[in-house]
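Everything below concerns the one structure shown next.
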Amino acid sequence: MSHSQNNPATDSGIPIDEVYTTGPVSLPLPGEYPYTRGIRRDMYRGRLWTMRQYAGFSTAEESNKRYHYLLSQGTTGLSVAFDLPTQIGYDSDHAMSEGEVGKVGVAIDSLADMETLFAGIKLQEITTSMTINATASTLLAMYVALAKKQGADLKAISGTIQNDILKEYAARGTYIYPVKPSMRLITDIFEWCSRELPKWNTISISGYHIREAGSTAVQELAFTLANGKAYVQAALDCGLDINVFGRRLSFFFNAHNNLFEEVAKFRAARKIWAGIMKDLGATHPDAMALRFHTQTGGSTLTAQQPENNIVRVTIQALAAVLGGTQSLHTNGFDEALSLPTENAARTALRTQQIIAFESGVTDTVDPLGGSYYLESLTSSLESAALDIIRQIENTGGAIAAVESGWMQNEIARSSYTYQKHIEDRSRTIVGVNRFQSAAADTPPLLKVDDSIRKSQSAKLARLKSERNNTEVTARLNALKQAAMGTDNLMPYIVSAVESYATLGEIADNLRVVFGEFQG
């Protein structure tokens, strides 16, 4: 927020009045269209949000230890971070993987790694969220193959794959294939999961990375929902039923420090999405109700005075809960410096638990609903976001906005303005441009050893010498042939994974057919 005493405004530039004296005469009840006040009538009185902790680093063995620790501390859902090579379809022994294996997440090269990652964890008894996009089909196939090996009922398996490629082109960069074949993979997942994995959330349409790249709250809202509309339209164009696949769509939003703007953003998101889905033909309430996961803002964390991040994360988590999130990840206070240590991960989880069990904010549904200020902000955010969405529609929709670079340019412009305000000190960041401390205060950091690439490569060599390579080649060839046609690719990817074909081999065969996106 601008702290100018004369003209205060939200982070998105919405002016803030000194006092608000009018508001809506009546509001729809929670659980009723357009779900502004929440998607369930009883919200957290009936069931708390899922407390996820995003974890994954180094090897599958190391990440598995962290998962068991988090589950023992009260985490109610796992959230997997994958390393960069896994995200862009390279095995750990590929030249492009040098220096990146296990660094920003766990290295997963094959079903064997997935088996190690979830050793001792029954997939039917937990929900798992996977932050994976370009290779989402392959990682989901590995998860399904493991569930089958565990004897799980696939109809009962639940979780989410991010699977949101449009925001990769716009904000994050971990894409592989051009837009159209990437959209095909996504709609193939929608269609296959509606039959095979009916409880699985087939996409998590992500505003998180759009905000991390420097967008405002209004842009995060508009670009995310415009992308969501593009995915729905692609599925409709393939003949899928909006009342079936629409129930398995979820969203992933960022939470920043401007408490009231963030709460209003979440409420406005539900209202706008319900209208979009209704206009596209949805009639089932679950297909119109926007469900979302929230992660506290990584870009808001500071390397200076890192303990201040505990306060930032608390404010952001509170905004997510007051805004009605279904699932929440809280960042570790040391994440501006490294992957979170066990101590930081525990503190982050305890932050959620204190909000849930000690703060009282879960005792009533939408406790800020009816606040003159909040309702005004919700309307302002809705109006501003709808203006941008109309602009996107007028230029041909989200895919065209991404392919032309328009969306990327808008985010870059906002990011530049934000940074300029920090540097000219019109925006205060405590401990960074005001209230600095001369003392060095770096906490103990988690280090990931560069030798991991060597051990992963050795595992790959062993796997390739022990598997049935004739079968692997046959199944990869079948996948390549299917990619040249119009068959749903998921059965072919699952088949390849089950023969222990590697992630890189699968990606390479699809690269041959689809080519690569030239950003």
* Consider only side-chain N and O atoms of Asn254 and Gln295, and report whether a donor and an acceptor are under 3.5 Å apart. => no
* Asked: About how many Å separate CZ of Arg291 and CH2 of Trp273, when rounded to the nearest 0.5 Å?
  -> 11.5 Å
* Does one side chain, of Ser97 or His94, offer a donor that lies under 3.5 Å from an acceptor on the other? -> no
* Spacing of Arg195 atom CZ and Lys155 atom NZ [to the nearest 0.5 Å] -> 9.5 Å
* To do: Could you walk me through whether Leu510 and Leu479 pass the side chain to side chain contact (heavy atoms under 4.5 Å, CB included) test, one step at a time?
  => CA-CA 8 Å; Leu510 293 178; Leu479 170 63; 4.1 Å; yes
* Give a yes-or-no answer on whether the side chains of Ser457 and Asp93 include a donor-acceptor pair shorter than 3.5 Å. => no
* For residues Asp164 and Tyr231, is any side-chain donor paired with an opposing acceptor at under 3.5 Å? -> yes
* Asked: Looking at Ser404 and Ala401, what are the two nearest heavy atoms and their distance?
  -> OG-O, 3.3 Å
* Going by atom types only, do Thr502 and Asp109 share a side-chain donor-acceptor pair under 3.5 Å? -> no
* Take Ser182 and Tyr169, measure what side chain to side chain donor-acceptor pair (under 3.5 Å) needs, and give me the verdict at the end. => CA-CA 11 Å; Ser182 295; Tyr169 303 119; 2.9 Å; yes
* Just wondering, do Thr473 and Asn477 contact through their side chains at under 4.5 Å, heavy atoms? -> yes
* **Pair Tyr143, Thr128: side-chain N/O donor-acceptor within cut-off below 3.5 Å** => yes
* Structure fact -> Correct closest heavy-atom pair for Ala136 and Ile161 would be CB-CD1, 4.2 Å
* Any donor-acceptor N/O pair, Ser299 side chain to Gly214 backbone, under 3.5 Å -> no
* OG/Ser110 to NZ/Lys459 distance, rounded to the nearest 0.5 angstrom? -> 8.5 Å
* To do: Determine, stepwise, if the pair Ser327 / Thr50 fulfils side chain to side chain donor-acceptor pair (under 3.5 Å).
  => CA-CA 4 Å; Ser327 162; Thr50 301; 5.2 Å; no
* To do: Please determine, by modelled atom types, if Gln53 and Thr330 share a side-chain donor-acceptor pair under 3.5 angstrom.
  => yes
* Taking only Lys NZ, Arg NE, NH1 and NH2, and the carboxylate oxygens of Asp or Glu, determine whether Glu498 and Lys149 approach each other closer than 4.0 Å. => no
* **Validation row: Leu197, Arg248 side chains within 4.5 angstrom (heavy atoms)** => no
* Asked: So do Asp83 and Lys103 actually touch side chain to side chain, heavy atoms under 4.5 Å?
  -> no
* To do: Without swapping roles, check the side chain of His293 against the backbone of Ser129 for a donor-acceptor pair under 3.5 Å.
  => no
* Roughly how far, to the nearest 0.5 Å, is the CZ atom of Arg66 from the CD atom of Glu61? -> 15.0 Å
* Note, Leu290 side chain near Arg270 side chain (heavy atom, < 4.5 Å) -> yes
* Test log, rule side chain to side chain contact (heavy atoms under 4.5 Å, CB included), inputs Ile176 and Phe517 -> CA-CA 6 Å; Ile176 303 174; Phe517 180 76; over 6 Å; no
* Full working for side chain to side chain contact (heavy atoms under 4.5 Å, CB included) between Asn64 and Ile121 -> CA-CA 9 Å; Asn64 177 259; Ile121 299 171; 4.1 Å; yes
* **Within the 6.0 Å centroid threshold, strictly below: Phe252 and Phe292** => no
* Run the salt-bridge test on Glu32 and Arg37 with the 4.0 Å N-O cut-off and return the result as yes or no. => no
* side chain to side chain donor-acceptor pair (under 3.5 Å) between Gln456 and Thr59: does it pass, once the steps are laid out? -> CA-CA 8 Å; Gln456 279 294 113; Thr59 60; 5.9 Å; no
* **Least distance between heavy atoms, Gly504 atom then Asp91 atom** => N-OD1, 2.8 Å
* Is there side-chain contact between Met183 and Ile399, with heavy atoms separated by less than 4.5 Å? -> yes
* Cut-off 3.5 Å, side chains only: do Thr294 and Thr325 have a donor facing an acceptor? -> yes
* Looking at Lys148 and Glu115, does any basic side-chain N land under 4.0 Å from a carboxylate oxygen? -> no
* Is the shortest distance from a Lys or Arg side-chain nitrogen in Glu410 or Arg413 to a carboxylate oxygen in the other one below 4.0 Å? -> yes
* Check the pair Val472 / Asn468 against side chain to side chain contact (heavy atoms under 4.5 Å, CB included), numbers first and verdict last. => CA-CA 6 Å; Val472 171; Asn468 183 333; 5.8 Å; no
* Structure fact -> In short, salt bridge (charged side-chain N to carboxylate O under 4.0 Å, His left out) pairs touching residues 118-139 with sequence neighbours left out are none
* Please round to the nearest 0.5 Å and tell me the distance separating atom OH of Tyr67 and atom CG of Leu78. => 6.5 Å
* **Nearest non-hydrogen partners of Asn163 and Thr202, listed with the distance** => ND2-O, 2.9 Å
* Evaluate the salt bridge (charged side-chain N to carboxylate O under 4.0 Å, His left out) criterion for residues Lys65 and Glu62: first the C-alpha distance (whole Å), next the side-chain angles of each, then the deciding distance (0.1 Å), finally the verdict. => CA-CA 5 Å; Lys65 289 176 193 171; Glu62 288 299 312; 3.3 Å; yes
* Is there a donor-acceptor contact under 3.5 Å from the side chain of Ser63 to the main chain of Ala60? -> no
* To do: Please report the shortest heavy-atom distance between Thr86 and Ile108, naming the atom on each side.
  => OG1-N, 3.2 Å
* Are Asn331 and Thr296 linked by a side-chain donor-acceptor pair shorter than 3.5 Å? -> yes
* Do Arg184 and Phe190 meet the cation-pi criteria used here (NZ or CZ under 6.0 Å from the six-membered ring centre, within 45° of the axis)? -> no
* **More than 12 heavy atoms of other groups within 6.0 Å of Lys454 NZ** => no
* To do: Scan side-chain atoms only and decide if Thr174 and Asn133 contain a donor-acceptor pair under the 3.5 Å cut-off.
  => no
* **Lys167 NZ/CZ over Phe223 ring centroid, <6.0 Å and within 45° of normal** => no
* Structure fact -> Note: Leu381 and Ala268 closest approach over all heavy atoms is CB-CB, 4.3 Å
* **Aromatic ring pairing Trp49/Tyr44, orientation class (parallel under 30°, perpendicular over 60°, tilted between)** => perpendicular
* Relative to the ring of Phe253, is the ring of Phe251 parallel (under 30°), tilted (30 to 60°) or perpendicular (over 60°)? -> parallel
* **Check: Thr127/Arg52 side-chain N/O donor and acceptor closer than 3.5 Å** => yes
* Between Lys265 and Glu261, is there a side-chain N and carboxylate O pair less than 4.0 Å apart? -> no
* Asked: Is there a donor-acceptor pair closer than 3.5 Å between any side-chain N or O of Gln87 and the backbone N or O of Ala134?
  -> no
* Under a 4.0 Å N-O cut-off, is there an ion pair linking Glu382 with Arg267? -> no
* State the CD1-OG1 distance between Ile126 and Thr76, to the nearest 0.5 angstrom. => 10.5 Å
* Scan side-chain atoms only and decide if Gln233 and Asp237 contain a donor-acceptor pair under the 3.5 Å cut-off. => yes
* Side-chain contact, heavy-atom cut-off 4.5 Å: Ile276 with Asp279? -> no
